[in-house]
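Heavy atoms only: backbone and side chains are in, while hydrogens, waters and symmetry mates are out. So that the names make sense, note that chain A is the first sequence line, chain B the second, and so on, each numbered from 1.
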Amino acid sequence: MPDSSSKAARLGHDRIPFPRRYLGVATSAFVVLAIILSVIAFFGQQGLDDRKVRGGQRVLDSLRAERQVLEEQQKKNALPGAFFEAETDHIKDEEQQQTEELKQLQQASNG
Amino acid sequence: MDKMFDLALGIVSAMGGFVDIGELIFLTQAGAKFYLSLLLVAIVGTVGIIVYGEMAGRLAAVSGYTAFKAVRLKLGKGVGGVALVSFVLVTLVTCTAELGGMALIMQLVTNWPFWLCAIIAAILVCAIVAIFPFSLIENVLGFFGLAMLVFLVAIFFDNRDSLMGLLEKSGSSLPMDGPRLLLYAYFAVGILTSSMMPYELAFYASGAIEDEWTSKELMINRLIVGIGFSFGFFVAAALLVNAASKLIPRGIDPQLIGASALESILPFGWWGGALALFGMFFAVTGAAVETSMSVGYAVCQFFDRPWGKSKPPAEAPLFNGLWLGTVVVGLIAVLIYQQPLQIAELAVVFSVLALPLAYLAVFLAASDHRIMGMHMNGKAARIFGVIFIAILTITATAAIPLLIATGAGQIW
């Protein structure tokens, strides 16, 4: 049981005065604010096609760089288990997906 | 002697279990995009989980109140219910991501099909929760996760930049225009949230009850969160530093989990890779176990139903049904949508919605003299507590807009 003779007890019970009845209102206000910001963000990023293309290109370049590093490490027998085969397969899948997305972005950007 | 052993074990498991799939993704990507400039955010997140971990452990040890008992008590049925529902949903998504992460790491070792690895991962998680006593669950997985210390050692090897060079580049990598600033903010939110995932608080407080802590264990609680989480931070920070020093010079901006393992393969070769994969697998497995059990803990504590590993399943049917259901739903979700890293990113970002309310409830309960007596929050805990509630509220409001504005971190 709490020690009621402590200094804290003399200072009062709940040290943080908390108006619980306003919590629902405050939570709803933050949710509404987040929704408004999300809508602004959605329309704001519509005009950033060139940045999206640059981002997609960067991902593709990175995947190629990783594949090259993997091939170097494979030659040195530095990769455990089936790391080389599995990670190369993952890279292939990711490249395919990114290339598709990039194509669509470029079409949208040109059209 | 037993207490010293418990303390050492607690520190080791807190350290080894600090990293999960969210941190693996956000820290590695942040290092590969902004050098060391987001390290400060990781420090802030670690201080946050130390402050609130200590508070939740103290609350549980002194009063027997866990995080979601505090939510019910301090926020009431309405807002508390909203906190519970958002917690359950984001923890379910997090468990899905952790199961997917386990499957991906298993695939890197075996090259078996993803679906098979995911099923094995789910069976392994179920077996661990069903068979092992709580003390083994909390300690063994964290202990094996310590293999990730190899990332910390890797900091000192195979670097193409000196520390000063990295710091200079960190300064010049700071975003100058709008879209890059938003990208920076998105990763800041991701790193902060992944350090303070809500399931960590729920699991830690419930663990204190499972371990039958009383006010005699308050010093152990303080040392475990203080030392264990601080050292855990060093392992997590090593992921970011190695990405800046080893991956950027090679043109790699990690998109796959294997790129994280490369941080250890590049300096140490085969054994570095083996240790990294071993440590990552057990760290992620630990997180999968914790997320599944946390759903059971939270719901049962909120509705005051029997819970706990020490009770036979027949005495705590809701608790056992919930953790099992979480794993099964997580498995189905990851088999349908086979993109665990994207799921993990979403889990981290959406987790922020459950954070402020759950943390607020723990803070209020630990500041209440009627509950805590002489062990209620002191001045420092109250100041830090309020600061982190403010940070988490701002973060929660900004998280989803940032996710949309940056195309989940893909707009460059």
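- Although no hydrogens or angles enter the test, the distance criterion places a donor-acceptor pair under 3.5 Å between the side chain of A:Ser62 and the main chain of B:Asp253.
- A 4.5 Å side-chain heavy-atom check between A:Arg51 and B:Asp177 finds at least one atom pair inside the cut-off.
- For a residue to count as touching a neighbouring chain, one of its non-hydrogen atoms must lie under 4.5 Å from one of that chain's; by this rule B:Leu402 does not touch chain A.
- Here the side chains of A:Asp89 and B:Asn111 are in contact, with some heavy-atom distance below 4.5 Å.
- Top candidate by heavy-atom pairs under 4.5 Å with chain A, chosen from B:Ala398, B:Gly407, B:Pro179, is B:Pro179.
- With rounding to the nearest 0.5 angstrom, the CG atom of A:Leu33 is 11.5 Å from the OG1 atom of B:Thr393.
- In this structure the side chain of B:Leu360 reaches within 4.5 angstrom of the side chain of A:Leu23, judged on heavy atoms.
- Nearest heavy-atom pair across B:Thr397 and A:Ala34 is O-CB, 3.7 Å.
- Using a 4.5 Å cut-off on side-chain heavy atoms (C-beta onward), B:Arg250 and A:Glu72 make no contact.
- In this structure, the side chains of B:Val109 and A:Phe83 stay at 4.5 Å or more apart for every pair of heavy atoms.
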Practice task
Show your reasoning for whether side-chain contact (heavy atoms from CB on, under 4.5 Å) applies to A:Arg58 and B:Lys33.
Solution key: CA-CA 11 Å; A:Arg58 185 182 150 88; B:Lys33 283 185 168 73; 3.9 Å; yes
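- Contact check for B:Leu247 versus A:Glu66: no side-chain heavy atoms found under the 4.5 Å cut-off.
- The residue from A:Leu37, A:Ile36, A:Val39 that alone fulfils the side chain to side chain contact (heavy atoms under 4.5 Å, CB included) condition with B:Pro401 is A:Leu37.
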Problem - Residue pair A:Ile35, B:Ile400: steps toward the side-chain contact (heavy atoms from CB on, under 4.5 Å) verdict - result: CA-CA 8 Å; A:Ile35 291 170; B:Ile400 294 171; over 6 Å; no
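- In this structure, no portion of A:Ile40 lies under 4.5 Å from any heavy atom of chain B.
- Residue contact with chain A, scored on non-hydrogen atoms closer than 4.5 Å, involves the backbone of B:Thr110 exclusively.
- Contact annotation: the side chain of B:Gln107 never approaches that of A:Glu87 to less than 4.5 Å [non-hydrogen atoms, C-beta and beyond].
- Options A:Ala41, A:Gly81, A:Ser28 differ in how many heavy-atom pairs under 4.5 Å they form with chain B, and the most are formed by A:Ala41.
- Surrounding CD of A:Gln46 are more than 12 heavy atoms belonging to other residues, nucleotides or ligands, all under 6.0 Å away.
- Remark: A:His90 NE2 to B:Leu104 CG distance equals 5.5 Å, nearest 0.5 Å.
- Heavy atoms from other residues, nucleotides or ligands lying under 6.0 Å from CZ of B:Phe114 number more than 12.
- Contacts of A:Leu63 with chain B are made by side-chain atoms alone, with heavy-atom separations under 4.5 Å and no backbone atom involved.
- Heavy atoms of A:Gln97 lying under 4.5 Å from chain B belong exclusively to its side chain.
- B:Ala276 does not touch chain A: none of its heavy atoms, backbone or side chain, sits under 4.5 Å away.
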Practice task
Run the numbers on B:Thr406 and A:Gln45 for side-chain contact (heavy atoms from CB on, under 4.5 Å), then give the verdict.
Solution key: CA-CA 7 Å; B:Thr406 62; A:Gln45 59 95 33; over 6 Å; no
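- By the 4.5 Å heavy-atom criterion applied to side chains, B:Leu277 and A:Pro80 are counted as neighbours.
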